[in-house]
Amino acid sequence: GNGDKQLSLEVGDAVYIQEVCEGKVISKHKKIHYLNKPIFFVHLREVIIEKRGNEEVVISAEMPLVKEMTTTLREWGSIWKQLFVANKDARVKQVQRLMWDLMEWRSQLLSGTLPSDEFKELKQKVTSKIDYGNKILELDQVVRDENGNIMDPERASVISLFRAHEEATAKINERIKEEQSNIQTDHSGISARIQSSPTHSLYVFVRNFVCRIGEDSELFMSLYDPIKQAIISENYLVRWGSKGFPKEIDMLNNLKVVFTDLGNKDLSREKIFLICQIVRVGRMDLKETNSKKCTQGLRRPFGVAVMDISDIIKGKTECDEEKQFFIPFFPYVLFSSAFLQQISPPRVVAENDFLHTLLNKATALRGDSGGQGLWVTMKALVGDIVQIRKEYPHLVDRSTVVARKLGFPEIIMPGDVRNDIYITLQGGDFDKYNKTTQKNVEVIMWVCDEEGKVIQNSICLGAGDKTVSEYRSVIYYQVKQPRWMETFKVAVPLEEMCKVHLRFMFRHRSSQESKDKSEKNFAMAFVRLMKDDGTVLQDGLHDLVVFKVRTRNRTSVEQHRHSLSVSSRDSFSISSLVCSTKLTQNGSVPLHKRVNWHVCALTGAHLCVFVCMQFLQDTLDALFNIMMEHSQTDDYDILVFDALIYIIGLIADRKFQHFNTVLEAYIKQHFSATLAYKYCRDVLLPMMLRELSGALVTMADGPHDDRRNSLELLINILEVLSRDNVVRHAANLYSETHTEPSKVVACMTAILSQMDDRHYATYIETFTGTTDLVDFLMESFLLFKDLIGKHVYSSDWMAMIMVQNRVFLRAINTYADTMNQKFLNNNDFEVQLWNNYFHLAVAFITQESLQLQHFSPTKRNKILAKYGDMRRLIGFAIRDMWYKLGSHKICFIPGMVGPILEMTLIPEEELRRATIPIFFDMITCEHAHSGNFHKFENEIILKLDHEVEGGGGDERYMQLLETILLDCAAEKPTLRPQVQHFVSLVKGLLTRLLDYRTVMSDDSRNNRMSCTVNLLNFYKDINREGMYIRYLYKLRDLHLEGENYTEAAYTLLLHSRLLKWSDEMCSPQFEFHGSQTQRQLKETLYDTIIDYFDKGKMWEEAITLCKELAEQYENEIFDYELLSKRLEKQAKFYENIMKILRPKPDYFAVGYYGQGYPPFLRNKVFIHRGKEYERREDFQNQLMSQFPSAVRLNTTTIPGDDIRNSPLQYIQCFTVQPVLEIPPRLKNKPVPDQIINFYKSNYVQRFHYSRPVRKGPVDPNNEFASMWIERTTFTTVYKLPGILRWFEATDMKHTTLSPLENAIETMESTNEKILTMINQYQADWSLPINPLSMLLNGIVDPAVMGGFAKYEKAFFTEEYTQQHPEDRDKLLRLKDLIAWQIPLLGGGIKLHGKRVTDDLRPFHDRMEECFKQLKKKVEKEYGVRELSLTMHFCFFFPLPLATVCTVLCISVDRLFSSLSHCFSHQPDLDERKSTRPRSMLRSIRQSIISISSLQGSECGTPTKPYADRYSSIFTCADK
């Protein structure tokens, strides 16, 4: 509907439905609001109603993440439209992609079908995308908790909020670096991030494995160092079926592994390979066809796949988790055929190769793998397994296998309990004994207890595989010295470690099942994992004793224990690696059983520093256990404290700086000593706070690292310090400065946020003297003001900034109450203190972060909902404080006028209504004190100019200011007239200032100039010289930008007219610094103005100023040297006038019609002065570009009211002709044409536009008979040129010319054109001849019909003479003009004949023939005009023919006689250009102007005066 009772809604808006009635929405209140559509067009949602105080807040029941996505999409959508309008295509596409992603993910979340792990993964992606999009769109940063939820500032501490902002900023910046690196393929930023972290991981996703085996297989993937020839990670085991799928079908598309615990030392390795060893499980030889007779289940080496991943894991090459890599697979037989073609059987030799030899061959082999290999995706991840599970939940979930490093990570995190023993089968040497060929040795291993029983499920072949009770090695076919290089993990309970040993059995395996069944174990070996002294098996290589089993019919080792004998012909070696946080190899007892561990911790004598760091949790636990065990005495307190400081000092060492995360994790997750915690909180922390407060004072100029570390420690203290301990030390931090101000401010804000009224009161009472309290309050106010203006936080830290503002506001109001109580009375009043308060309060209320009008609706609503409008709170407080001042108000006038004005300009209705009355109170106060309010008025005008230009104020403010001040004045009749005048003054200024501000951001320089002129005229009218001069220079700068040097000169000329030729000192003016006399300043201005006039070719004006300066140099200061230089410059200007051609600019009338224009343009007509050679089409196109939405009017008539009142914009543009106005000093004097030409287009104020119209019957054969001219004369408010290139046309008159008058004017124009072109070609012989040829031929050639034949047919008839007897004189005048055109044409043709080229000679000959016929006809009908000598005069000088003999009081005979004498001895044209004397030029280079003829017509156009001029000449010649 269109009535008042409606809701204006957009798609997606939410409406709280209170009641439903007949399919329409209706409220419970009396006013009924109908939706535009029935209810079934609306999607209904559940809501939650929360009570906040007395208000009910309706909240959608959607999950918070969906609501955040909805809000984000709306905000981005609005920005996306703005980017589209601004033609920022790249950013439009980027935002569009982001929005598409969010919309798709939002649909998935709303479906409610996602499992928890996928939901968590999607949540991570959504929040990351939102944060990234907000950053690139320069929106506020969203801070989140560990779960990705938006952090509530109400429930988080200030320090927690600050750290959350820091972490969010770091993550987003890292994300942006990654995005940039993806675009630019420069991954130095990613590499830097990886190198800066102490722990790294590699994510690998096995997509597919293709290999023609035909049997089951096992894939062992691991990380490998080819330089050290060592495997550096656990194996990741994938069991692959013979049909090309994982044996466990559930693992299809879920074969993910993370190789973790990698440190910076691992990244510094020269090369790192990802290798995959393929072991097939089946027959001894794939060539055996009778599979039923073959032994099955044998593990046989089949091949390897290897890839260099150094760049990937080091971050030099970024990998998308979707990008797949192909790792080719090479079977053993391929190595044999490629490298050892002459050796048979080939696979035996290849199998005998050591592993790194095979890998080197695989990397060196460039042959085709036949499509066999692994397809994997990889991504380098930063952090340990706990961290990456949080940061990459979409990659690393519960099903992802973790393959740990072989060995300890560089940092052992608290809670990382590990008890792994890795065994590697290195190799062996077995004699064949009574066999004809070498044995096929298989190693079988069990983990056994003291009684020889096998411990079940204690062996792990690889990560991702189930634990087993038995291990069977790979079988090498007939190899005497097999090298297995197989690693597996032994995992037994810690308490069982001392009881177990590893038993290795050796068996020959036959390829035939029947034979294999009869084979028995032929030897054995064993090793204990723990020695008698409690130490674990040492890391490294171990050669085990091989025992030969003599009897084969016993299956138990216990049964044939006495049948074992040491075999000297067989050998077997393994290597071990212990990774345990509870076991040691250095001779001590297990760590978990160290009774005297706390003693070691205290003394540090028996502990290696690295071991201390590695087992940091144990060390700290031991220290705090000491404290708990000896809580009744303080014997160990100092020792414990020293030990803690020692450990913290170690962590501060650069070598161990990465262990800082371990310490933080320990404090947050594992520190549980209650007594120790209380001790630290109650004793250590307050003591440290006192020390830090003093240290920060003395450390102002100290080392940067010391200050930073102290500040960081203070932040940590504030996170755990109780409220009661704060207030004693809060004030000591107020005045501190630091190189990291954001942390200092966060600390101070945290302290203030924990203070309640009691704390403030307690602290205030600690000041015993008034002076100390005043100093404290003043310093606090200055500090707050400084912090508000410095922007210590990034502008997108909205939550942190608003929390700080809320805390500061409470502190300011608390201190204001103290001022009211203690410093308001006359005796105790402190002007400076109150002044500081007011300036602080205004700085607070006007800070950028509180200006809600500049924010998007989404951000504005968020701030209002959570924090309210703090501007209103502090604004009302300022008002109350002002009215409490009483008689002291006069102390703050005019000083507080500007700040109060700045506050009232804030576009908040209630705030304005509350604070604008302060102005009237100031008026009343000053009027009562001084009898007027001039100081207030001057300050308002000065400050209003700056504030509005800076963006303050609007139409509504102007209305409120007028209404409120007039209403207040109505109650005081004595002040009413003065207030009314003041309001009128301010309203006029505001109107112009708002127009000026509107166009300052516009591309139209012309509009900016117009508004600037309006303002400077206003300031001139109200006698504000300083502001007037300020805008003069702004206008000058605008002119210089557009190279309008003439207008810039006229602008500065206005400033110079304010100065006198005196030695009085002038007040410092705009752009001129230092003390100067008025004479010096005026002379400087004149020099600048003359230079501008010179550049604008306005030498006449420059000469006038030169004369004025010369007068001063000659008769006032007697500086003849400057006089000579000035006269030289003046002479140059005179010469320029006579010698340099100055193109005449065109003038254009421009009408701006319609209500769509600003007031200074609306429905007004302006005359614009064009630039040199500027065509109307070019000018019009430039004009339309300034108003792209305007409609161009193609008519030249004045539009009607329908267009004038239209809300649209219309532009009308056409060319007008300036009306010549001869200066009085040139009247009735012979003046060269170069001088006259200047006045044809300068110093003009009237302009003509002529429009042809048809009246009466139209003769189709002669259109001139009915061709009337409607002429409009425009008069501008100022002459052109001036301080603008255009002025408004304030007067328009309309006249009509008859066809005969039109003909006369046209003939005058034609004759003038002929004469002008002759002069141009006579002066410049380089001009092309074509324009002259076209002009002359168009007149003399009857075929062209460009001459006067049409006039003869229309007017020189008996019928016309009888019908128009009043036109007799005009007919005679037209005939005279036709007759006098003949000698002009003759002169032009003569000049054409001298300039024409040979190829145009036939054209010229025909034109001469046509001219002879025309001349004969005209002379016959209109008489002969002989002006041969006069025409010589015209040819010789580029001047128009213009003489009136009667004015000069000389006879034509004498004139022609003198001219004849001059021309009788003329040399050729080329000679004349260089040899004629200048005295001759000066004596005869003149045209005599008849002023009476120039002013004889109302027309007064530049082309018309010559008609009368010719008439005079003709009359003289006839005589």
Side-chain angles (χ1 to χ4, degrees), residues 63-77 79-80 91 93-110 114 116-151 163-183 187 189-190 192-194 196-197 201 203 205 258 315 318-323 377 379-397 400 794 796-799 858:
M63 65 177 72
L65 183 59
V66 173
K67 287 193 288 186
E68 182 185 1
M69 295 174 74
T70 304
T71 304
T72 301
L73 284 170
R74 288 188 183 180
E75 193 167 16
W76 288 4
I79 298 174
W80 180 80
R91 186 50 60 89
K93 293 178 181 178
Q94 186 180 21
V95 176
Q96 190 174 16
R97 288 193 298 268
L98 292 173
M99 292 178 66
W100 280 344
D101 290 340
L102 283 190
M103 286 187 283
E104 180 183 350
W105 295 337
R106 182 174 179 272
S107 299
Q108 295 178 22
L109 289 173
L110 288 174
L114 294 175
S116 58
D117 57 340
E118 291 186 20
F119 173 79
K120 190 174 182 180
E121 174 184 344
L122 184 58
K123 184 176 183 180
Q124 171 73 16
K125 292 166 66 175
V126 167
T127 55
S128 177
K129 188 75 70 174
I130 290 176
D131 294 343
Y132 173 71
N134 285 340
K135 184 66 175 180
I136 65 173
L137 293 177
E138 298 179 353
L139 299 176
D140 290 327
Q141 187 181 99
V142 180
V143 288
R144 307 180 187 277
D145 57 21
E146 295 178 352
N147 299 321
N149 300 320
I150 297 178
M151 182 177 287
R163 284 185 160 165
H165 276 91
E166 284 190 319
E167 292 171 3
T169 300
K171 287 181 181 178
I172 294 171
N173 290 339
E174 190 62 38
R175 171 69 188 277
I176 291 175
K177 287 181 181 179
E178 290 181 1
E179 292 288 336
Q180 292 174 346
S181 63
N182 287 337
I183 296 172
H187 309 287
I190 301 172
R193 181 193 177 202
I194 289 177
S196 64
S197 174
S201 302
Y203 167 79
F205 188 172
V258 173
E318 172 65 359
C319 294
D320 192 300
E321 51 261 30
E322 299 300 325
K323 180 181 179 181
T377 57
K379 185 176 180 64
L381 307 179
V382 176
D384 58 15
I385 187 62
V386 177
Q387 182 179 350
I388 63 178
R389 276 179 174 156
K390 289 181 179 179
E391 296 187 4
Y392 307 94
H394 58 293
L395 299 180
V396 184
D397 53 25
T400 305
S794 175
D796 60 354
W797 287 25
M798 190 266 290
T858 302

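Any value given below was found using the heavy atoms of this structure, including those in side chains, with hydrogens, waters and symmetry copies removed.
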OG1 of Thr169 to CG of Asp131, rounded to nearest 0.5 Å, is 10.0 Å
Side chain to side chain contact (heavy atoms under 4.5 Å, CB included) partner of Leu65, chosen from Leu122, Thr70, Val126: Val126
To check you understand the geometry: which heavy-atom pair defines the closest contact between Met69 and Arg106, and what is its length? CE-N, 3.3 Å
With rounding to the nearest 0.5 angstrom, report the NE2 to CE distance, His165 to Met798. 8.0 Å
Without swapping roles, check the side chain of Thr127 against the backbone of Asn149 for a donor-acceptor pair under 3.5 Å. no
What distance separates Tyr203 OH from Ile388 CD1, expressed to the nearest 0.5 Å? 10.5 Å
Side chain to side chain contact (heavy atoms under 4.5 Å, CB included) assessment of Met99 paired with Leu73: CA-CA 7 Å; Met99 292 178 66; Leu73 284 170; 4.1 Å; yes
Which atom of Ser201 lies closest to which atom of Gly383, heavy atoms considered: OG-O, 3.0 Å
What's the separation between atom OG1 in Thr72 and atom CG in Asn134, rounded to the nearest 0.5 Å? 6.0 Å
At their closest point, which heavy atom of Glu75 faces which heavy atom of Thr858, and how far apart are they? OE1-CG2, 3.8 Å
Do Asp397 and Thr400 have side-chain atoms, one donor and one acceptor, less than 3.5 Å apart? yes
So do the side chains of Lys135 and Asn173 get within less than 4.5 Å of each other, counting heavy atoms only? yes
I need the Ile130 CD1 to Trp105 CH2 distance, nearest 0.5 Å. 9.0 Å
Kindly indicate whether the side chain of Leu395, heavy atoms from C-beta on, has any atom under 4.5 Å from the side chain of Phe205. no
To the nearest 0.5 Å, tell me how far Trp797 CH2 sits from Glu166 CD. 5.0 Å
Within the side chain of Ser128, is there an N or O that forms a donor-acceptor pair under 3.5 Å with the backbone of Gln124? no
Given the rule in the side chain to side chain contact (heavy atoms under 4.5 Å, CB included) test, do Leu137 and Leu98 qualify, once you have shown the distances and angles that lead to the verdict? CA-CA 11 Å; Leu137 293 177; Leu98 292 173; 5.8 Å; no
Closest approach of Val382 to Tyr392 (non-hydrogen atoms, all atoms of both residues): N-OH, 4.1 Å
